[in-house]
Structures are given as structure tokens and as C-alpha cells.
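As C-alpha cells, the structure follows; a few thoughts come after it.
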Amino acid sequence: MTGTPRTLAEELRTRTDRGLVGLLRARPDLLNPVPGDVTQLATRAGTRASVVRAVERLDRFVLQTAEALAVAPDPCPYETLGALMGGDAGDPAVAAELPRAVAELRAQALVWGPDDRLRLVRTARELLTPSPAHPSPTGLGPTVAEAMAGMSPGRLQEIIGGAGLPATHDPVTAVAALTSLFADRNRMAALLDTAPAESVAVLDKLLWGPPYGAVTDRPAPHLQWLLDRGLLIPAGARNVVLPREAALHLRGGRAHRTPEPVPPALSPATERDPQLVDNAAASQAFTALATVEELLKEWDLGGPAVLRAGGMSVRDLKRTATALDTTEQLAAFWLELAYAAGLIASDGEADERFAATPAAEEWLQLPDHARWAELAAGWLAATRAPGIVGTADAKGRALAALGPHLDRSPAPEVRRRALALLAALPPGTAVPASAVLARLRWERPLRGGAPVAGQLPADGDGAPAAPGPADDLRSRLAQWTLAEAELLGVTGRGALATHGRTLIECPSDSAAPTPAETTAAATRAAALLAPLLPEPVDHVLLQADLTAVAPGPLRRPLAEALGVLADIESKGGATVYRFTPGSVRRALDAGRSAAELQEFLAAHSRTPVPQPLAYLIDDVARKHGQLRIGAAAAYVRCDDDALLSEILADRRAAALRLRRLAPTVLAAQTSPDQLLDGLRAMGYAPAAESAAGDVLIARADSYRTPPRTAPAPVPDGPPSPDPTLLSAAVRAIRAGDLAATAERKPVQAPAPAPGALPRTTSAETLATMQAAVLTNSALWIGYVNADGAASQRVIAPVRVEGGFVTAYDHTSDEVRTYPLHRITGVAELADDSV
């Protein structure tokens, strides 16, 4: 095709396959379903939903360029666009970046045409053009012609007369004369030199938008001066507007007050020793593992109940925060982190509650660095945003942790982009969060506020709105990302750690890596983290004050056994355990004897077992099991009848409703569990026994949910297409375009209307097919599939037999077999069509 394209479809036909691939990659929504030809592709690229999505993904300067095109003449020469962006004085930075912006708009099919006739697609122009209901981000108003539409011819002649212009014979030439005056820098400057100072002040207030103002029925003289010369035009009963041409003159030709051709710098930068950063991140990564492990331990026997609307109650969140020794907001993060990794879930029972999953058992057995990899991969890909826990939804209801309404689809992309900005800095370099947020707002100025189609946000100075962190979802997600990355050990002291850089690496260089790529990157990052994590120790230091100090993280069997025998008193670099009668009794209930406990401590302590601790174990063991509890409803059995008499005489036992059945047996009207708890609260150490009279080991079984998968992220629009799909889609579009546009030889029957299927009789179809097989020529056919869907195809018949034709289909780029009765008609192609 030669000459200037007249439509977007014609320009798309001139693009190379690489150009179409770039368009489909940038706007994947155009692929669902794959367009049948280039015309369908162009039509879909101009739909409102697709254009809004594309405009939302433009960076600040490209968006400003599109906004300038929306207020420029259509079509717009490149030089005119450059003047709108750089002003009369010009701007070297704008001039250097403008070709990139135009190329980006053209690549995304938002702009088409040669440089001397740039055209913004109609839907984008509707979105960005100023109107009273939807002011432009440029702050400009309507043109003189638009603002004066409907004005009486007499009033038009009065205005051009007031502006010093000669009278005209019709409204069209009057509007053209006034427009020419406002666009002429010299004549406009001369007119404004005669303006009262108050009139100039009014223009200054409307200069950068909004361009509308209110007036009374009797305007002041300085306002009347502006109205008489068309510098203010009535826009309703009591409103006036500054016309676009006049505003551009006052602005020095600039469409935006502050063009932003380059992104804001990531500064001020603070350089730190990369090794110190890695060590700090590794320390925090270990703390993250310990916190999640503590959460799983807390929920070992089952977690809190699930609310009817889903999620945890505020009370349960507070309890979890207390157990983890953290705030409720951080507790929500740890809960959502474990949930994203598939370690906790709801059990799905009638009395539904949260609990650890079977995957949590496998996770606990992994090495520390492998456990961190699973947490990091789950966090990076999760669309759930713990930061909004406690805020209100659209209906005013508080959003609950682990609830159903916490997904925010931009979260993964924002996380990766925020970390990528840190990765672009030298190793060990940190920048303030405000610098990262400013860069992200430049890259996606419209994504945070979720603009309504047809209304793009603008601030008072005419530039695209840069919402603050309180109102901008994207900024809030970035803030949470930086804080969560520090908690998870991806960053250290504000800088990206070495393993954090590896975490966000993606071989395919895609904005949305596959789950397999994310997991592989997390595994490589964990391998770098492993040498930095502390080695588990196999010993403790027993002290005379009934405590034990673990000088580092304990090996898992030792930590589990010591966790039963003692209570954790404090955490940190060294964990302190305290031995109490209750903790010793807990170990005895788990089936350990006093001798076994003494041997365990002696084997794992670098110091001798202190005498007070040995006495404590022996004293509790001596009393343990002296009383026996069984099911009668419940009974107490003891060889010492004096001890039973003592219990009966104790007022605290009244609630247990005990009575003596025999000198050594008491019966109770309560359950064995309640009887055990009641006697232990009175200071005794009873043990449960089986029906055979054996002591029951009271080791609690862990409660787990049925097998559960981690929650699937909510996609932010269509997935990024892979190269294979892109290549196949371009081939299908090219082939479909060939079928729709190929030149046909004339036939005897009336030619089908454009876009209609060819119509021939069955005999004509068969004869033409057989002739094409002999001459090895291509045909244009109309075909209706089994579902009734009609299509046009270009085929090269290979064989015709048994009511079927086998042919190479140029549309699908494959050999296919078609039933002849489903072919509506056939026509020969011109010799140079294929």
C-alpha cells in the first residue's frame, strides 16, 4: 500500500510483524479473542474500554503529549505539537523526549498518521478533550468556535468590533477572524497592552485552569472589557470561560504548566556497605521465619473461627497480635504472608475456623533459606494487600484480615516495580520512600485513582493530578511494599539486598513473570541468603534461676522438646526459657519421666544441671500421677485415702461436686478434662488414665485443615501473551486480512457486498474446487462451521473427494479438511493476490 493512510486500519496494514507484535504485547486485551483481520484489530483498538486501559498505562510525559494532541488541531503537524509541549521559547528536554512519546503513542495505536498529520484516535480524543463536565488535565477550555457556537450574529459582530477587527458578513468568518487574532502573538500582545490591570488579573486566575468563572448579571467594568473583546465568552447564565486560543497566548504557547519529559530522580541517595545491608536483611529474614513459625505454633491446635462474612474478627486479630508480640497491622501482614504461601487456611467444616495446612508441616521441615524462598515467592506474586485491613469497604464495613475483599490486582506489578527502582541503584544504596513514590506516580499517573472513563483527574495547575499517598492506591501499595520488604528481609536498612536483587530477576524480562519463574528466582535468591543465616545450635546454657539461655537458633528437635519442658520468657539474639512446675508437668504429661528429663537436660546443656532445677523436676514428678482421673462421668482414684479426704474438705472442690465411692475413689459430676483442670488449679498434679488403668500421655495432636492450595492472585487485566501466542496471532490476523482484502476475479453471479460471504451453487463450488486442485491455485471461500459461525477464508485445495475438500488454509496457516456442504460459495483470486 502506498500513499498516506486514511484510517488506523490502513496504517496497521503497513506495519511489520514486529510492529503488530509490539502493539499486542502492549495492549493484550486486543487478543481476546484474536482479531479476524486488521480491520477488526483497529476497531477493537478504538473501543472505549481498551483505550482507557491503554491511556492508564502511559507515563506522565507520554500522557501529557496525548493531552496536547487532544487540544491541538486535528490532524496536528509535529511542529505544532512540539510548540504546544515546549512553548514559544522551546525546551531542549521536551524536544529530546517528544519523539519517544509520539513513538510510544503510535506503537500503542493511540496515534496514527505521518508526522505532518498526526491523529489521536477518536476515543482518546473524547477522553482527553476539554468539556464543561470533564475539564482537561491541561486546564484549557474550549476553542473560540466551540465557545461561541449558538451565539447571535449581532453579538459576534459586537465582539469582533470591540477587539478592533472589521465587520464580517457571516458568523463563520467572524469566529475565524477572532481565532486568528488570538493566535497572532503580536496583535494579541497589542490588544492586552490596552487591558485594565484588573482584567489582566482575572485572566491570570483562569490561565492554568479551571478556565471557567462566575459573573453577575451586571459584570464589573474590568470583566465587561474582557467580555466585549471575546477574551471571556459566556458559558451559561452566570458563567464565563477563557477560550483556548487566548489561554495559549497567555501561556506562551504551552499546553502544560510544567512538562515532565524525564522522570524525577531517585534522590537523595544514601550509600551503605553492601555487606552490612545483606547482614541486616538476613537478620530480618530470620526474624520473619521465626514469626511465621510462632504463628503456626500458636494455631497448632486450631485457630480462630471464621466470620460469617469471611476473615478474622477484630478480637481474634488482637489476640494473634498479642501472641506474636506485635501490632495488629503487622499481625495482619504475617497472617496474610502465611496465607499467601499456603501455610494457613480455613478448614471448611460446619464450625469453620482457621488452622495450619498440611503444607505447613512440610514447610517446617525445610532448611531456613528454602522456607524463606516460599514466603518471598508467595509475597511477591500475591494480590492481597494487608495494609487495608481495618479500613472500610464501599459499604462502610471494616475489612477483616484473611477476609475475601483484600485483593488489589495492581499489587504484584507495584511490588516488582518498586523493588526494580531500588535494584537500579548501586548496591547498598538507599533512597527515601518519597522518591520512589514520586517515580511511580510519574510512570503511571492515572493508575492510582482508577479514573472513570471520560474523566481524567487534574490538579489546579493544569498538570495531571499527582494524588497523595492517602488517596492513591498505587502509592499506598508502594509504601506497603517498602515496609513489607524490610520485614521480610528483601531489603536491609532501606537498600535492596543482594538476594533481593536476584528475587526480582526474570529471564523473560516480563512485567508479569509466570509462577514458575517467580519460584525459580526465589530459589536462587535463597541460595544467596543461606550463608548469611545463623547456623542452628544444639545446646543451651542452664542457669541456677530456673532458666535456660539458647545462644542462637536451636535445632528443630531440640527447640520442640525444650518448648514443651519450659516456657519462652524472652526472644532476641538469645532466647531465654523458664522452667516452672506447670511446664515440667506438661513434659511429664507428654510421656517423659523425671529421669528422661534429667538426662535430656544434661545431654544438651554446656553447663551442669543446676540443683534447683533437678529438685523442681523430681518434686513435680513425685506428685505427678498420684491422683488418677478416669471417666465415670469422671472419677478420682488414689492409694492415699488421706489425700482424697483433703480434697473433699477443700472448699475449692465444691464446683467439682465430688463424693466418695470407696476409701480410694471419688466420683465427680463433671467431665475428666474439667476435673483435671480443676484439681490442677487447686495445686495438685493429677494424671489421666485409660479404662485399663494406664496413665494416658496427654500429647496434643496437631490440628490441620484438609489439603489446601495457596490463594490464586487476582489478575490485573489480561495476562501478558507469550511469544508463541503473539506470533500465531499475527499470522492469523495477516491471513484473515488477506481473505478479506484479496482481489477476486469477476464471476457470472452478482458480486457479494463488501464483507458478505460468496454465494455459488453446489455444482459450481465443486467444479471450481476440482479446477483449483489441477491448477494449484488459491480460492476465496465462505464457510459456516458447526456452531453456525460464518467466516471468509483463503485456501489452496489439495484434494477433493467424498464430499470433502482438503486444502492449505492461509487464514489458520495449516492444512484442514472442509465439508463441501458447509462452503457457501467460492471465488477465484486475482493472480497477484497471494
Derivation of the side-chain contact (heavy atoms from CB on, under 4.5 Å) call for L343 and L375: CA-CA 9 Å; L343 305 181; L375 294 181; 4.0 Å; yes
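- Checking side-chain atoms of T357 against main-chain N and O of G342 turns up a donor-acceptor pair under 3.5 Å.
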Let's go through K297 and D300 carefully: what are the C-alpha distance in whole Å and the side-chain angles of both, what is the deciding distance for salt bridge (charged side-chain N to carboxylate O under 4.0 Å, His left out) to 0.1 Å, and is it a yes or a no? CA-CA 5 Å; K297 182 180 179 181; D300 199 44; over 6 Å; no
Go through the steps for R439 and D59 under the test salt bridge (charged side-chain N to carboxylate O under 4.0 Å, His left out), then give the verdict. CA-CA 10 Å; R439 174 67 71 87; D59 66 45; over 6 Å; no
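- No side-chain heavy atom of Y684 sits less than 4.5 Å from a side-chain heavy atom of V636.
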Could you give me the CA-CA distance, side-chain angles and deciding distance for E298 and L324, then say whether side-chain contact (heavy atoms from CB on, under 4.5 Å) is met? CA-CA 9 Å; E298 182 70 18; L324 299 180; 5.6 Å; no
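- For the pair L440 and S475, the minimum side-chain heavy-atom distance is 4.5 Å or more.
- Here L679 contributes atom CG and R652 contributes atom CZ; the two are 10.0 Å apart, rounded to the nearest 0.5 Å.
- Sorted by first and then second residue, the ring-ring contact (aromatic ring centres under 6.0 Å, His included) pairs with a member in residues 312-347 form an empty list; sequence neighbours excluded.
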Exercise answer: donor-acceptor pairs, residues 480-491 side-chain atoms, under 3.5 Å, sequence neighbours excluded:
from, atom 1, to, atom 2, distance (Å)
T481, OG1, L477, O, 2.8
E484, OE1, W379, NE1, 2.8
E486, OE1, T491, OG1, 2.6
E486, OE1, G494, N, 3.4
E486, OE2, R493, N, 2.7
T491, OG1, E486, N, 3.3

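- The heavy-atom pair separating A401 from A332 by the smallest distance is CB-CB, 4.4 Å.
- Within the 4.5 Å cutoff, the side chain of W442 has no heavy atoms near those of the L437 side chain.
- The backbone N or O of S283 lies less than 3.5 Å from a partner atom in the side chain of T287, making a donor-acceptor pair.
- Within the 3.5 Å criterion, the main-chain N or O of Q543 finds no donor-acceptor partner in the side chain of T547.
- You'll find the side chain of T575 stays beyond 4.5 Å of the side chain of V549, heavy atoms only.
- Judged by distance alone, the side chain of D278 and the main-chain N or O of T498 form a donor-acceptor pair under 3.5 Å.
- Within the 4.5 Å cutoff, the side chain of T327 has heavy atoms near those of the L330 side chain.
- By the 4.0 Å N-to-carboxylate-O rule, E443 lies too far from R57 to be salt-bridged with it.
- With hydrogens and angles disregarded, a donor-acceptor distance shorter than 3.5 Å links the side chain of T391 to the backbone of I388.
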Test side-chain contact (heavy atoms from CB on, under 4.5 Å) on L601 and L565 and set out the steps. CA-CA 10 Å; L601 293 174; L565 180 57; 3.7 Å; yes
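- Ring pair H499/W372 is perpendicular by interplanar angle, where above 60° counts as perpendicular and below 30° as parallel.
- Residues V431 and L422 have side chains in contact (heavy-atom distance under 4.5 Å, counting atoms from C-beta outward).
- In this structure, the side chains of W363 and V292 come closer than 4.5 Å at one or more pairs of heavy atoms.
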Residue pair E56, R444: steps toward the salt bridge (charged side-chain N to carboxylate O under 4.0 Å, His left out) verdict: CA-CA 7 Å; E56 284 181 347; R444 295 288 187 273; over 6 Å; no
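- Between the CG atom of L317 and the OG1 atom of T322 there is a distance of 9.5 Å, given to the nearest 0.5 Å.
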Residues E352, R308; criterion salt bridge (charged side-chain N to carboxylate O under 4.0 Å, His left out); working and verdict: CA-CA 9 Å; E352 193 173 14; R308 182 177 300 177; over 6 Å; no
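- In terms of heavy atoms, A382 sits closest to A340 at CB-CB, 4.0 Å.
- Atoms CZ and CG, from R384 and L335 in turn, are 10.5 Å apart once rounded to the nearest 0.5 Å.
- Atom CG in L289 sits 11.0 Å away from atom NE2 in H369 (nearest 0.5 Å).
- Other residues, nucleotides and ligands contribute at most 12 non-hydrogen atoms within 6.0 Å of the CG atom of D325.
- Proximity of a side-chain donor or acceptor of R657 to a complementary backbone N or O of Q669 within less than 3.5 Å is detected.
- Summarising the geometry, atom OG1 belonging to T383 is positioned 3.5 Å from atom CG belonging to D407; distances are rounded to the nearest 0.5 Å.
- Although no hydrogens or angles enter the test, the distance criterion places no donor-acceptor pair under 3.5 Å between the side chain of H624 and the main chain of V620.
- Applying the salt bridge (charged side-chain N to carboxylate O under 4.0 Å, His left out) test to pairs two or more places apart or on separate chains, those with a residue in residues 371-383 are E293-R371, D368-R371.
- When atom types are taken as modelled, the side chain of R708 and the backbone of S346 share a donor-acceptor pair closer than 3.5 angstrom.
- At least one donor-acceptor pair under 3.5 Å links the side chain of E336 to the backbone N or O of L402.
- Residues F354 and I344 fail the side-chain proximity criterion, which asks for heavy atoms closer than 4.5 Å.
- Heavy atoms of other residues, nucleotides or ligands lying less than 6.0 angstrom from CG of D351 number 12 at most.
- Expressed to the nearest 0.5 Å, how far CD1 of I504 lies from CG of L380 amounts to 8.0 Å.
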I would like to know whether M312 and T320 meet side-chain contact (heavy atoms from CB on, under 4.5 Å); could you show each step before the answer? CA-CA 10 Å; M312 290 175 59; T320 302; 3.6 Å; yes
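- Proximity of a side-chain donor or acceptor of S583 to a complementary backbone N or O of T580 within less than 3.5 Å is detected.
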